[in-house]
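The analysis underlying the following values was restricted to heavy atoms, covering all of them including side chains, and did not include hydrogens, waters or symmetry mates. Note that the structure is a prediction, hence the values are computed from the model and not measured. Here, residue 1 is the first one in the sequence, and each next residue gets the next number. Just follow the structure's listing: the first ligand is 1, and inside any ligand the first atom is 1.
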Amino acid sequence: SFARIIGAATAVSVIAITAASADEITLRGASLFDEEHAYTKTLRQLEQLIGDKYDGDVVFDLRLNGELGDESDFVTFLQQGVAIDYAIMAPSNMATFAPSIPLMDMPFLFRDLEHWDTALASGVMAPLEAELLAKADIRVIGYAGGGVRNLASAEPIGNIDELTGHKMRVMGAPIQAQIFSAIQAAPSAIAYNEVYNAIQTGVIAGFENEAASIQNLKFYEVAPNITLTKHAITVRPIVVAEKTFKKLPEALQAAILEAGLEAGAFGRNLESTQDGEKMQEMIDAGQVQVQEFAGREKLLELVVPVQDAYAAELGASDLLEAIRSK
Ligand code: X1X
């Protein structure tokens with residue numbers, strides 16, 4: 001098989017899937033980050049695996065460093081089946097098209113890494129995937145993720161008093177704002193690519209993110225105080241635009257589905273392993289100061305009713321219970 005990977009700097013005049021010759025197919029991917037980040041490495045792994053499994057010609061044109069916008073842009077492109085064919089996405093950045101998908105990555109859903117791992121391996125997320133496919137025309141082919149999300153702020157936030165009224169950015173899904181409001185913060189949904197400036201100019205005082213992304217995009221320059229709320233372990237579907245997928249030869253579809261599962265396992269292992277290392281690198285470089293959050297159990301108490309109400313509204317109470325009981 002012939003799989004070519006086009007570097008970020010190479011200009012390619014294709015829009016989404018283009019048959020450059022009778023047999024050559026080009027698929028365009030998008031990453032927010034450079035080659036060093038686990039998402040980009042996972043997408044490179046996906047490309048490699050598809051190339052190995054498929055007997056025809058595929059060209060991969062992966063655009064890095066947020067060249068195609070942030071995830072709120074990716075989701076629109078993926079839904080329309082133009083400009084982006086594959087990406088890794090936060091479910092909470094896909095809420096516009098499928099309101100139930102952010103249940104997968106709502107804060108305080110997983111007890112620990114083992115719970116996260118078991119839940120993802122169990123297939124329990126299948127109804128949410130089905131809704132995403134039906135409503136957004138976006139297909140989940142595997143799960144990356146595994147980073148732990150913590151607060152990152154300009155000033156230290158060590159307890160609920162300091163968190164009260166704390167102006168912070170959250171992802172676009174309403175459940176994200178509801179959960180951070182419940183723990184007394186003052187959340188606002190701001191586009192990811194505006195967060196750095198918004199903190200720098202004092203529009204907000206911080207946000208929440210995982211170590212790999214704080215390091216890759218140098219958020220520590222404006223938000224060097226990390227509070228270990230450990231409120232989320234990331235669930236990051238590897239997704240494909242269904243409008244593109246449907247047009248592909250059957251053998252390539254099969255290769256993509258298999259490769260998605262394997263690349264997901266690769267990505268989860270990489271990101272969860274690197275998470276602590278990336279934090280330590282930033283500590284060692286004097287880029288961040290890390291502190292525990294005093295009274296994390298209190299946060300849990302505050303969010304559970306909000307999670308329950310959200311699931312009930314979606315008719316997904318059983319699903320939430322199924323995830324919790326894994
Ligand atoms: O907060 C965001 O919007 C982003 O944060 C990190 O960069 C990643 O988890 C990414 O997927 C997105 O969630």
Practice task
Among residues two or more places apart or on two chains, list those pairs meeting salt bridge (charged side-chain N to carboxylate O under 4.0 Å, His left out) that have a residue in residues 104-126.
Solution key: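 Listed by first then second residue: D105-R236.
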Practice task
With sequence neighbours excluded, tell me which residues meet ring pair (Phe, Tyr, Trp, His ring centres under 6.0 Å) with F33.
Solution key: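 With neighbours one apart ignored, the set is H37, Y39.
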Exercise for the section: Sort and list the pairs that fulfil ring pair (Phe, Tyr, Trp, His ring centres under 6.0 Å) and have at least one residue in residues 134-185, not counting sequence neighbours. Expected result: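 Applying ring pair (Phe, Tyr, Trp, His ring centres under 6.0 Å) to every pair that reaches into residues 134-185, excluding sequence neighbours, yields F180-H231.
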Handout entry: Check: E210/S213 side-chain N/O donor and acceptor closer than 3.5 Å
Key =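 Judged by distance alone, the side chains do pair up.
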Handout entry: No-hydrogen, no-angle side-chain donor-acceptor test under 3.5 Å, N225 and S153
Key =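 S153 and N225 do not have a side-chain donor-acceptor pair below 3.5 Å.
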Handout entry: Sorted by chain and number, the residues that approach ligand 1 to under 4.0 Å with a heavy atom
Key =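 Contacting ligand 1 under 4.0 Å are F33, Y39, E71, A90, N93, R149, R169, M171, Y192, N209, E210, S213, R236.
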Handout entry: Pairwise distance CD1(I183) to CG(L302) - rounded to 0.5 angstrom
Key =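 That separation rounds to 8.0 Å.
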